[in-house]
Amino acid sequence: MTAQQTDLTYRNPILDADWSDPDVIRVGDDFYLTASSFGRVPGLPLLHSRDLVNWTLVGHALDRLEPADAFATPRHDCGVWAPSLRHHDDRFWIFWGDPDQGIYQINAPEIRGPWTRPHLLKAGKGLIDPCPLWDDETGEAYLVHAWARSRSGIKNRLTGHRMHPDATSLLDEGKVIVDADRIPGWFTLEGPKLYRHDGWFWILAPAGGVETGWQGAFRSRGFFGPYEEKIVLEQKDTDVNGPHQGGWVRTPSGEDWFVHFQQRGAYGRVVHLQPMRWGADGWPVLGDDGAPVAVHERPDLPPQPPAAPATDDDFPGGRYGRQWQWTANPGDGWATQHSGDGLRLTCVRSADAHDLRRLPSILTQRLPGRPAVVEVELRLDSEEPGARAGLAVLGDAFSWIGLQRAADGTVQLVHRFAEGVAEQERDADHPRPAPEGRALLRIEIGSGARCRFFHDVGDGPRSSGQVFAATSWRWVGALLGLFALAPEDGPGHAGAGLFTHFRITAM
């Protein structure tokens, strides 16, 4: 038994971390899920399950963000927005919107690749949340997408296109097929997922904003409308705020399920699983008569051993696991392989060492959604004054603890932070000697993502600084990060930080 399930039931969220804007499909007996990755690299995570409850991370579909120069530095709210995952013509397809570039697609013969390079299907500003449909009844292909007002001045409407079946081009100029400004009370309609069922075209799409909104369903006999609408999932008297945006999937036995997210502040967008059925009126019914469920009978699928995306890492041979992402397109030599275990991060020279939010060379993973303890051992292998390495909690505000080479040649344990409005970090506690140049670093993450920092430099564990409340990063949940830095103007190689035994354990 785990905290998420028993033999007969499961508990939401099924993915208790920031797997934003999930979409899900079934191929045979396997379920696959992808999610937004924004400006982190690699992008487009790929998760696998056999029971819709236990998920593992099997890879990423996007090695680098394009155009490469635009993502050489962090752009935390840009990049990959709200992807759609589909399987058609014996290939996997992912479509996503980059709000500054347009709509991209990639495809692959297997979920682990090789994936094609991104193809820009529709160029333009503010084009987001695309979803394709290949209609098996007619052989036609379609695409629907939403709009981001921040780039286009347009929102609250969905645009539809006929698409070439090979998804290389669109066949018309597009037409607004749902204008939610004409629906009383509806605003911020986005995130459409397009399906064909029971003779209808269906669009499952959220509205009302990520923290307070609802899940809508739209149906029409023809793709270009007119569509009628219905709210099919909303908070009601539960504690699941803004339940919406996700995908519908059917099991081999014919059960229907809906996967969606819930916005949880610094934890980001966690993933829930809702039962789904078709009502007597032909409309989908999600959750408990339209309200999110907290605990429910498991899907009618073969029992699976408990599983979750990996978090711990011993970094064998200097390689890091799939759970890690850089905050921008990575540079050469940031992480070097070697004969032993441990992550050897090069002390990258930067003029922005005073502000971790500006740095592309931070290796990150998601903040756990439940209270947890994060630990890692660090050795600073650098003789350069000002070189530093550490463990961070990153968001609009950040805090980190680690080691730094002082001007007098000694190594110090330092703890620094920056508020969301601050342009550079400052001390969270007084520096203290780390005579062996190594430390055990620890963060206890309590309820409300309140973080307390600890260190052990050889004389026992000690707490450091005040409690730090983690914050989100625009639409991205807070991240855990490992980094190594050096002053910009020094000569030659600046050394490295060696991280070993990274662990996340439940509190």
Side-chain angles (χ1 to χ4, degrees), residues 18 20 36-45 60 62-81 96-102 104 117-118 120 125-126 128 148 150-151 268 320 324-336 343 345-367 386-400 402 416-425 470-490 493-494 496-497:
D18 186 27
S20 178
S36 296
S37 50
F38 298 100
R40 303 196 301 281
V41 179
L44 289 171
H60 290 82
L62 192 61
D63 291 334
R64 298 179 73 84
L65 288 163
E66 295 187 4
D69 290 347
F71 292 97
T73 56
R75 301 178 66 200
H76 306 297
D77 58 349
C78 302
V80 176
W81 284 23
W96 75 92
D98 179 320
D100 300 302
Q101 306 295 329
Y104 287 97
R117 285 195 61 181
L120 187 60
K125 295 280 189 180
I128 58 169
S150 60
R151 272 64 164 195
Y320 49 86
W324 298 96
Q325 296 171 290
W326 300 100
T327 48
N329 283 332
D332 294 334
W334 287 357
T336 57
L343 176 68
L345 288 183
T346 299
C347 290
V348 176
R349 296 190 181 280
S350 175
D352 293 321
H354 61 282
D355 190 344
L356 300 186
R357 295 165 294 198
R358 302 182 186 181
L359 297 171
S361 58
I362 301 180
L363 199 59
T364 68
Q365 65 166 280
R366 293 160 178 83
L367 193 76
R388 69 200 69 171
L391 168 66
V393 177
L394 292 167
D396 286 334
F398 69 85
S399 186
W400 68 273
R416 299 198 173 113
F417 80 106
E419 302 164 87
V421 295
E423 294 185 358
Q424 62 181 29
E425 66 189 22
T471 64
S472 61
W473 223 345
R474 195 73 180 270
W475 297 298
V476 179
L479 300 170
L480 298 169
L482 304 177
F483 68 91
L485 301 169
E488 180 184 31
D489 54 0
H493 191 273

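Note: hydrogens, waters and symmetry copies are ignored here, and every other heavy atom, side chains too, is used. The chain is numbered in sequence order, starting from 1.
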**Request:** Just grab all the salt bridge (Lys or Arg N to Asp or Glu O under 4.0 Å) pairs involving residues 471-487, residues at least two apart or on different chains.
**Result:** D77-R474
**Asked** Looking only at heavy atoms, what is the nearest atom pair of A148 and W81, with distance?
**Response** CB-CZ3, 4.0 Å
**Request:** Evaluate the criterion side chain to side chain contact (heavy atoms under 4.5 Å, CB included) for residue pair W324 and T364; output intermediate values, then yes/no.
**Result:** CA-CA 5 Å; W324 298 96; T364 68; 5.5 Å; no
**Message:** Apply ring pair (Phe, Tyr, Trp, His ring centres under 6.0 Å) to residues W473 and F38 and explain how you reach the verdict.
**Reply:** CA-CA 11 Å; W473 223 345; F38 298 100; over 10 Å; no
**Item:** Residue pair A494 / A486: nearest heavy atoms and the distance that separates them
**Value:** CB-CB, 3.5 Å
**Asked** Taking S361 for the side chain and V348 for the main chain, is one N or O donor matched with an acceptor at less than 3.5 Å?
**Response** no
**Item:** Which atom of A335 lies closest to which atom of L343, heavy atoms considered
**Value:** CB-CD1, 4.2 Å
**Request:** Check P99 against G79 and note the closest heavy-atom contact, atom names and distance.
**Result:** CD-O, 3.8 Å
**Request:** Indicate yes or no for a side-chain donor-acceptor contact from D18 to the backbone of G268 under 3.5 Å, with no hydrogens or angles considered.
**Result:** no
**Prompt:** Which atom names give the shortest non-hydrogen contact between F483 and L391, and what distance separates them?
**Reply:** CE2-N, 4.3 Å
**Asked** Relative to F71, does R75 satisfy both conditions: NZ or CZ under 6.0 angstrom from the six-membered ring centre, and within 45 degrees of the ring's axis?
**Response** yes
**Item:** Least distance between heavy atoms, R366 atom then L479 atom
**Value:** CA-CD2, 4.2 Å
**Asked** So, the side chain of D98 versus the backbone of Q101: is there a donor-acceptor pair under 3.5 Å, distance only?
**Response** yes
**Identified side-chain contact (heavy atoms from CB on, under 4.5 Å) partner of V80 from the options P118, P45, S37** = S37
**Complete:** Here the gap from Q325 atom CD to I362 atom CD1, rounded to the nearest 0.5 Å, amounts to 13.5 Å
**Prompt:** Who passes side chain to side chain contact (heavy atoms under 4.5 Å, CB included) against P360, sequence neighbours left out?
**Reply:** P74, A328, W334
**Item:** Ionic contact status for E425 with R388, cut-off 4.0 Å
**Value:** yes
